[in-house]
Asker: 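First, the structure itself, so that you have it in front of you.
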Amino acid sequence: MDGKDTIVQVNNLHINIKMDEGILTAVRGVSFHIDRGETLGLVGESGCGKSLTCKAILAINEQKCSTSGEILFNSDNGVVDILKLPPKGSEIRNIRGKQISMIFQEPMVCFSPLYTIGNQINECTRLHITKDKKKSREISIEMMKKVGIANAEKRYDQYPHEFSGGMLQRALIAMALVCNPKLLIADEPTTALDVTIQAQILELIKELQKELKMSVLFVTHDLGTVARMCDRVAVMYLGKIVETGPVEEIYLNPKHPYTIGLIGSVHKIGSKRKERLYSIDGTVPLALNLPAGCGFYDRCNCRIEGVCNVKEPKAVAVGPDHFVSCHAVGQKTCEEGHGIE
């Protein structure tokens with residue numbers, strides 16, 4: 001660990017999935033850290049390994065996922081490597097849900113239709129805080145009120161189908177935060193919600209983070225959300241983090257061709273009405289039996305023949321806490337024609 005202020009540090013994380021066609025390399029050497037009270041944004045296209053990385057921190061990936069590397073977590077009992085803990089042991093159970101919680105993408109499928117909302121929030125409370133039913137109910141209702149669920153006493157005894165999508169998302173946040181975790185993993189928590197509710201949920205997470213002084217790993221593909229919510233950002237492509245740094249630095253001075261393309265494809269306030277947005281050519285390849293070289297090689301317009309297709313780039317520092325994995329970093333051609341001024 002870098003120090004006492006580091007809550008979690010992921011080192012060289014690899015996740016492979018064995019398939020009939022070969023080995024699917026879903027996550028390839030991912031490394032990052034999150035400090036106390038900090039929000040790290042994890043950005044990337046669908047299928048780049050963001051959710052698998054999040055689930056690895058909680059040790060809830062399926063058995064078919066072969067995981068290696070280190071996930072060092074600053075727990076109540078000292079620094080532990082989550083990947084070395086027995087998957088069903090008491091130590092990981094004491095961390096999962098209590099010290100690390102997760103908000104999943106789809107609130108509609110996260111709750112069982114057979115039990116009331118209060119019963120399902122109570123499961124965390126009674127497992128990690130108190131066995132007393134009355135006290136547990138009071139703690140759960142208090143958290144439901146804190147996340148903005150009106151008439152929480154009545155809502156506590158209602159079933160998921162009696163909640164709207166926005167209210168279910170709030171209940172999911174209440175379940176994740178009821179034990180005051182050190183680290184909250186928010187995996188695209190506003191995907192299924194309309195724009196107005198999205199704004200409310202994001203503001204709610206931000207307020208609760210300050211109140212509870214927790215760290216957040218915020219997973220999304222929305223660059224606007226990252227700018228609003230995060231302190232640092234890690235850009236992920238084909239199972240690998242290609243660029244990481246402070247949000248302002250990444251937005252104003254992107255270095256990796258993929259990051260430059262992402263930012264160039266976002267409509268900017270004040271741009272001309274008929275101005276075309278930049279688009280990245282091609283599609284993300286399947287991470288199956290990957291060839292040597294950079295994973296972005298086929299889609300990159302500033303690739304170096306004989307270099308980029310031969311060896312994989314390593315992360316290099318290009319500024320304070322700003323790292324990029326690219327052989328062509330610094331080339332002027334990479335910053336031209338992508339909407340970067």
Side-chain angles (χ1 to χ4, degrees), residues 8 10 12-17 24-34 39-58 61 65 67 69 71 102-106 185-192 202 216-247 249-251 254-266 277-288 290 294-300 312-315 322-326 329 334 338-340:
V8 65
V10 178
N12 199 29
L13 178 67
H14 289 263
I15 301 176
N16 296 325
I17 303 174
L24 181 70
T25 314
V27 176
R28 306 181 296 134
V30 164
S31 298
F32 61 84
H33 72 278
I34 306 175
T39 300
L40 174 68
L42 192 59
V43 180
E45 295 176 69
S46 297
C48 71
K50 303 187 300 295
S51 293
L52 283 175
T53 299
C54 294
K55 290 179 180 178
I57 296 175
L58 275 173
N61 275 325
C65 296
T67 307
I71 300 177
M102 186 166 177
I103 303 172
F104 294 91
Q105 291 186 28
E106 298 287 347
I185 302 172
D187 187 3
E188 301 191 30
T190 59
T191 299
L202 292 177
V216 178
L217 175 58
F218 199 95
V219 181
T220 184
H221 54 261
D222 186 341
L223 294 174
T225 299
V226 170
R228 177 180 180 180
M229 296 291 295
C230 304
D231 303 304
R232 289 188 301 116
V233 59
V235 181
M236 200 167 179
Y237 181 80
L238 198 62
K240 184 180 177 68
I241 290 180
V242 296
E243 186 166 6
T244 181
V247 169
E249 173 70 13
I250 294 289
Y251 277 54
K255 292 296 184 183
H256 195 281
Y258 179 63
T259 312
I260 293 171
L262 283 180
I263 295 175
S265 65
V266 177
L277 295 177
Y278 175 79
S279 61
I280 302 173
D281 295 333
T283 57
V284 182
L286 186 65
L288 193 65
L290 289 171
C294 177
F296 193 59
Y297 174 80
D298 291 333
R299 305 178 70 189
C300 185
E312 195 167 25
K314 294 183 179 179
H322 187 178
F323 297 90
V324 183
S325 299
C326 179
V329 64
C334 289
H338 295 75
I340 303 298

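One is the number of the first residue; the rest follow in order along the sequence.
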Asker: What pairs with Asn12 under side-chain hydrogen bond (donor to acceptor under 3.5 Å, both in side chains), at least two apart in sequence or on another chain?
Answerer: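 Scan of Asn12 (side-chain hydrogen bond (donor to acceptor under 3.5 Å, both in side chains), adjacent residues dropped) gives His14.
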Asker: What closest approach, in Å, do Tyr251 and Ile263 show between heavy atoms, and which atom pair accounts for it?
Answerer: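 Where Tyr251 meets Ile263 most closely, the heavy atoms are CA-CD1, 3.9 Å.
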Asker: Any side-chain heavy atom of Phe296 within less than 4.5 Å of one from Val242?
Answerer: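 No, too far: nothing below the 4.5 Å cut-off.
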Asker: Partners of Lys50 by side-chain contact (heavy atoms from CB on, under 4.5 Å), sequence neighbours excluded?
Answerer: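 Expected list: Leu42, Cys48, Glu188, Val219, Met236.
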Asker: When rounded to the nearest 0.5 angstrom, what distance separates CG in Leu238 from OG1 in Thr25?
Answerer: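 Rounded to the nearest 0.5 Å, the CG-OG1 separation comes to 8.5 Å.
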Asker: Flag the pair Val10 / Ile34 as yes when at least one side-chain heavy-atom distance between them is below 4.5 Å, and no otherwise.
Answerer: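 No. Closest side-chain heavy atoms not under 4.5 Å.
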Asker: Going by the rule side-chain hydrogen bond (donor to acceptor under 3.5 Å, both in side chains), which residues pair with Thr225 if we only count those two or more places apart in sequence or in a different chain?
Answerer: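 In terms of side-chain hydrogen bond (donor to acceptor under 3.5 Å, both in side chains), with neighbours along the sequence ignored, Thr225 is linked to Asp222.
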Asker: How far apart are the closest heavy atoms of Leu13 and Ala56, and which atoms are they?
Answerer: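 Closest heavy-atom pair between Leu13 and Ala56: CD2-CB, 4.2 Å.
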Asker: Can you tell me how far the OG1 atom of Thr67 sits from the CD1 atom of Ile17, to the nearest 0.5 Å?
Answerer: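 Rounded to the nearest 0.5 Å, the OG1-CD1 separation comes out at 9.0 Å.
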Asker: Can you sort out the partners of Phe104 under side-chain contact (heavy atoms from CB on, under 4.5 Å), two or more places apart, ordered by chain and number?
Answerer: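 Phe104 satisfies side-chain contact (heavy atoms from CB on, under 4.5 Å) with Ile60, Met102, Cys110 once adjacent residues are dropped.
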Asker: Distance-only, no hydrogens or angles: does the Glu243 side chain make a donor-acceptor pair with backbone N or O of Ile250 under 3.5 Å?
Answerer: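 No; zero donor-acceptor contacts below 3.5 Å.
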Asker: From Lys255 NZ over to His322 NE2, what is the distance, rounded to the nearest 0.5 angstrom?
Answerer: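 One gets 7.5 Å once the value is rounded to the nearest 0.5 Å.
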Asker: Looking at Leu52 and Cys65, what are the two nearest heavy atoms and their distance?
Answerer: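 Looking at all heavy atoms of both residues, the shortest contact is CD2-SG, 4.2 Å.
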Asker: Main chain of Val233, side chain of Thr244: is a donor-acceptor contact present, judged purely on distance under 3.5 Å?
Answerer: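 Looks like yes, one N/O pair under 3.5 Å.
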Asker: Does the side chain of Val235 come within less than 4.5 Å of His256's, by heavy atoms?
Answerer: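 Side chain of His256 against side chain of Val235, heavy atoms only: no contact under 4.5 Å found.
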Asker: Do Phe323 and Ile241 touch side chain to side chain, with heavy atoms closer than 4.5 Å?
Answerer: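 Heavy-atom side-chain distance check fails, nothing below 4.5 Å.
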Asker: Knowing that exactly one of Asp187, Leu202, Ile103, Leu40 qualifies, which makes a side-chain contact (heavy atoms from CB on, under 4.5 Å) with Phe218?
Answerer: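 Among Asp187, Leu202, Ile103, Leu40, the one meeting side-chain contact (heavy atoms from CB on, under 4.5 Å) with Phe218 is Leu202.
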Asker: What's the separation between atom CD1 in Ile185 and atom CG in Leu58, rounded to the nearest 0.5 Å?
Answerer: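 The distance works out to 4.5 Å.
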Asker: Quick one: list whatever passes side-chain hydrogen bond (donor to acceptor under 3.5 Å, both in side chains) with Arg299, sequence neighbours left out.
Answerer: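 side-chain hydrogen bond (donor to acceptor under 3.5 Å, both in side chains) check on Arg299 returns Glu45, Tyr237.
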Asker: Check Leu217 against Cys54 and note the closest heavy-atom contact, atom names and distance.
Answerer: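 Result for this residue pair: CD2-SG, 3.9 Å.
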Asker: Flag the pair Thr259 / Val324 as yes when at least one side-chain heavy-atom distance between them is below 4.5 Å, and no otherwise.
Answerer: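 They are not in contact (no side-chain heavy atoms under 4.5 Å apart), so the answer is no.
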Asker: Which residues pass the side-chain contact (heavy atoms from CB on, under 4.5 Å) test with Asp231, not counting sequence neighbours?
Answerer: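 Testing Asp231 for side-chain contact (heavy atoms from CB on, under 4.5 Å), a comparison that skips the adjacent residues, returns Glu38, Thr39.
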Asker: Would you please name every residue forming a side-chain hydrogen bond (donor to acceptor under 3.5 Å, both in side chains) with Asn61, sequence neighbours left out?
Answerer: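 In terms of side-chain hydrogen bond (donor to acceptor under 3.5 Å, both in side chains), with neighbours along the sequence ignored, Asn61 is linked to no residue.
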